[in-house]
Colleague: 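Sending over a structure as structure tokens; questions will come in a sec.
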Amino acid sequence: MSNGTEEIGDIRKRLEEIEKAIGELRAGRELVIMKTIASELCTIHCNIFVLSQKGVDTELWAKKLAEAKQAIQGSETIEDAIKARDNFVQEIIECTKIEPAKGEAAKETVEPVKAEEVEVDDADTAMEIAHYFMKKDNSVALPMKADRRSDYWLVDVDVGVVRMEIVRVKVDAKTGEILSHETIEKK
């Protein structure tokens with residue numbers, strides 16, 4: 001009788017160990033996924049920054065991107081991976097701040113798109129319109145993607161300074177007019 005009880009106790013211990021191992025594997029998988037996402041976001045932010053700024057030292061930013069990715073891959077927790085991504089994005093933000101000359105007001109660098117003149121037939125144009133719209137109130141706005149629906153575009157724009165915050169902007173495909181915008185995700 002006690003032999004059967006001991007076997008059950010051993011089986012329970014083994015099950016607990018297996019459940020613990022599965023939990024650790026799941027946590028590790030989530031960390032790997034977050035590292036991949038954070039690395040790709042850094043690449044996207046860097047590419048947008050390099051493409052949108054004139055006179056940027058691309059070799060320097062390629063090196064900074066590699067260092068950020070290395071920091072992300074060396075992270076031991078999801079939080080550390082996010083912090084490494086946030087630090088890189090903050091560095092980009094610091095480089096995009098433009099100080100006005102003495103006695104002059106800051107000048108808008110993006111030309112406005114006149115809604116009545118634009119038929120939005122590609123994702124780049126939709127992202128440009130959404131970017132201009134969001135940049136009025138948020139200088140760090142970075143368009144991430146645009147999806148076409150029947151008669152409008154849904155453009156996701158990251159407006160987060162340190163953490164990712166996605167605002168979805170709805171752009172009329174026939175006129176380029178902003179139909180609505182809403183925050184859909186904060187991390």
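None of the values given here were measured: they were computed from a predicted structure.
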Colleague: Answer with yes or no whether the hydrophobic clustering places V155 together with I178; edges join I, L, V, M, F, W, Y residues whose side-chain heavy atoms lie under 4.5 Å apart.
Modeller: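 Yes.
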
Colleague: I'd like to know if the side chain of D172 and the backbone of Y152 have a donor-acceptor N/O pair within less than 3.5 Å.
Modeller: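 Not a single qualifying donor-acceptor pair exists.
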
Colleague: Mind listing the closest non-hydrogen atom pair of A141 and K135 along with its distance?
Modeller: CB-N, 4.2 Å

Colleague: My understanding is that only residues two or more places apart in sequence, or in another chain, count here; which of them pass salt bridge (charged side-chain N to carboxylate O under 4.0 Å, His left out) with E79?
Modeller: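 If we apply the salt bridge (charged side-chain N to carboxylate O under 4.0 Å, His left out) test to E79, skipping adjacent residues, the hits are K83.
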
Colleague: Indicate, with yes or no, if L154 and L179 share a hydrophobic cluster defined by side-chain heavy-atom contacts under 4.5 Å among Ile, Leu, Val, Met, Phe, Trp and Tyr.
Modeller: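 Shared cluster, yes.
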
Colleague: Roughly how far, to the nearest 0.5 Å, is the CE atom of M144 from the CG atom of L41?
Modeller: 5.0 Å

Colleague: So does K174 pair up with D151, basic N to acidic O under 4.0 Å?
Modeller: no

Colleague: For D122, what residues pass the side chain to side chain contact (heavy atoms under 4.5 Å, CB included) criterion, not counting sequence neighbours?
Modeller: D124, T125

Colleague: Only distances under 3.5 Å count here; give the side-chain donor-acceptor pairs of residues 64-73 to other protein atoms, sequence neighbours excluded, each with its distance to 0.1 Å.
Modeller:
from: K64; atom 1: NZ; to: E91; atom 2: OE2; distance (Å): 2.7
from: K69; atom 1: NZ; to: T43; atom 2: OG1; distance (Å): 3.0
from: Q73; atom 1: NE2; to: S39; atom 2: OG; distance (Å): 3.2

Colleague: Establish, yes or no, whether a centroid distance under 6.0 Å links the rings of H45 and F88.
Modeller: no

Colleague: Please report the shortest heavy-atom distance between W153 and V120, naming the atom on each side.
Modeller: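 Closest heavy-atom pair between W153 and V120: NE1-O, 3.0 Å.
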
Colleague: Restricting to non-hydrogen atoms, name the atom on I129 and the atom on G176 that form the minimum distance, rounded to 0.1 Å.
Modeller: CG2-O, 3.4 Å

Colleague: For a quick test of reading the model, state the closest non-hydrogen atom pair linking R163 to D158 and the distance between them.
Modeller: O-OD1, 4.4 Å

